[in-house]
Amino acid sequence: MAAERKPTFLQSLAAGGLAGTAVDLLFFPIDTVKTRLQSAQGFVNAGGFRGFTKVAPGAAAFFSTYEAMKHSIPLHGQLAPVNHMLSASVAEVAACLIRVPTEVIKTRTQTSMYGASASSFKAATLVLEHDGIRGFYRGFWTTIMREIPFTSLQFPLYEFLKHRLSIYLDRKPLYAHEAAVCGSIAGGTAAALTTPLDVLKTRVMLDLRDPSKQQVPSLLMRLRQIYIQEGARALFAGIIPRTMWISAGGSVFLGVYEWAIRGFMSA
């Protein structure tokens, strides 16, 4: 089996950007439906099927960090899953520094919080005016709390599936469509298992604070409110569109990434 070459930082950065853009263009409407289903306002009041727009992801930051960490951490062989868990977790923190502000704007625009015709720029201006810079990172720790378990499941499983398929085919690296199948299985599995954390994150993002209150409810309090007021079933709201989006998106995301990396490295 041929040895796998290490991509450069710029190659990972560019390939990650292409992969994230491909997912956003193809699957954003399903993600919007998932967000609106999870809104405490209800699907119709949160905007229904109105106002689908494109928001750029932080995929470039994720993959450039992930590849750098994966090849730097001295854990291989039987400890490779630990390497992949740590690398993906650090990469998610880096990506969330970019992703959370854009997701705050995306969520508020999708749910028509500032009116059905409000642009992303208008939403960003209002967030800055009402909450300051900290408003753009509202839900940051909740997002981290969701993404760390998600990546800890997705990427070790993805790398494991790629490794086993490479052994079976006696070929490395895999073709893009082969990596895409691995990405779809890994993404869908991780998405279904972490749906409650995604619901909690969405509710924090959508939390409309009372002006008289100085602080938003804690994560534990928000989780308790959802459980008491809406039942355990509400914690799995949007599981079907979330699993659809991430399973299909994982296929495109990782398939395009592998395709781009192979292209850049062979150029």
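Linking Ile, Leu, Val, Met, Phe, Trp and Tyr whenever their side-chain heavy atoms come within less than 4.5 Å puts Trp259 and Phe253 in one cluster. Both Ile144 and Phe136 belong to a single network of hydrophobic side chains, linked directly or stepwise wherever heavy atoms of I, L, V, M, F, W or Y lie under 4.5 Å apart. Under the 4.5 Å side-chain contact rule for hydrophobic residues, Leu157 and Leu174 do not share a cluster. Under the 4.5 Å side-chain heavy-atom criterion for ILVMFWY residues, a single connected hydrophobic cluster contains both Leu128 and Val100. No path of Ile, Leu, Val, Met, Phe, Trp and Tyr side chains, each step under 4.5 Å between heavy atoms, connects Val90 with Ile148, placing them in separate hydrophobic clusters.
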>> Is there a side chain to side chain contact (heavy atoms under 4.5 Å, CB included) between Leu200 and Leu235? Walk through the geometry before answering.
In response: CA-CA 8 Å; Leu200 182 60; Leu235 294 173; over 6 Å; no
> ring-ring contact (aromatic ring centres under 6.0 Å, His included) between Phe155 and Phe62: does it pass, once the steps are laid out?
Replying inline: CA-CA 12 Å; Phe155 275 84; Phe62 175 85; 5.0 Å; yes
>> Walk me through whether Ile167 and Lys172 qualify under side chain to side chain contact (heavy atoms under 4.5 Å, CB included).
In response: CA-CA 8 Å; Ile167 293 175; Lys172 195 173 185 180; over 6 Å; no
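In this structure, OG in Ser166 is found 10.0 Å from CD in Glu159, a value given to the nearest 0.5 Å. Interatomic distance, Glu230 CD to Gln225 CD, rounded to the nearest 0.5 Å: 9.5 Å. Distance check, rounded to the nearest 0.5 Å: CD1 of Ile246 to CE of Met244 gives 12.0 Å. Atom NE2 of residue His71 and atom NE2 of residue His76 lie 9.0 Å apart, to the nearest 0.5 angstrom. Rounding to the nearest 0.5 Å gives a distance of 9.5 Å between CG of Leu254 and OG of Ser184. In this structure, His163 NE2 and His84 NE2 are separated by 9.5 Å, a value rounded to the nearest 0.5 Å.
In this structure a side-chain-to-backbone donor-acceptor pair under 3.5 Å is present from Arg242 to Ala191. A donor-acceptor pair under 3.5 Å links the side-chain atoms of Ser266 to the main chain of Gly263, judged by distance alone. Without hydrogens or angle criteria, Tyr137 side chain to Leu97 main chain gives a donor-acceptor distance under 3.5 Å.
Taking each heavy atom of Gly188 and Thr243 in turn, the nearest pair found is O-CG2, 3.8 Å. Considering every non-hydrogen atom in both Thr195 and Ala192, the closest pair reads OG1-O, 3.4 Å. Scanning all heavy atoms of the two residues, the minimum distance from Glu67 to Ser12 falls at CG-OG, 3.3 Å. Here the closest non-hydrogen pair linking Ser87 and Met69 is OG-C, 3.4 Å. Looking at every heavy atom in both residues, Thr65 comes nearest to Ala94 through OG1-CB, 3.7 Å. The minimum heavy-atom distance between Leu165 and Cys182, with the atom names listed, is CD2-SG, 4.1 Å.
Under the 6.0 Å distance and 45° angle rule, Arg171 does not count as a cation-pi partner of Tyr168.
A 6.0 Å sphere centred on CZ of Phe160 holds no more than 12 heavy atoms belonging to other residues, nucleotides or ligands.
By the 30° and 60° cut-offs, the orientation of the rings of Tyr175 relative to His177 is parallel.
Under the 4.5 Å side-chain criterion, counting only non-hydrogen atoms from C-beta, Tyr158 is not in contact with Leu161.
Between Lys162 and Glu258 there is a salt bridge, since a side-chain N of the basic residue sits under 4.0 Å from a carboxylate O of the acidic one.
Among Leu197, Thr194, Asp198, the single residue meeting the side-chain contact (heavy atoms from CB on, under 4.5 Å) criterion with Phe150 is Thr194.
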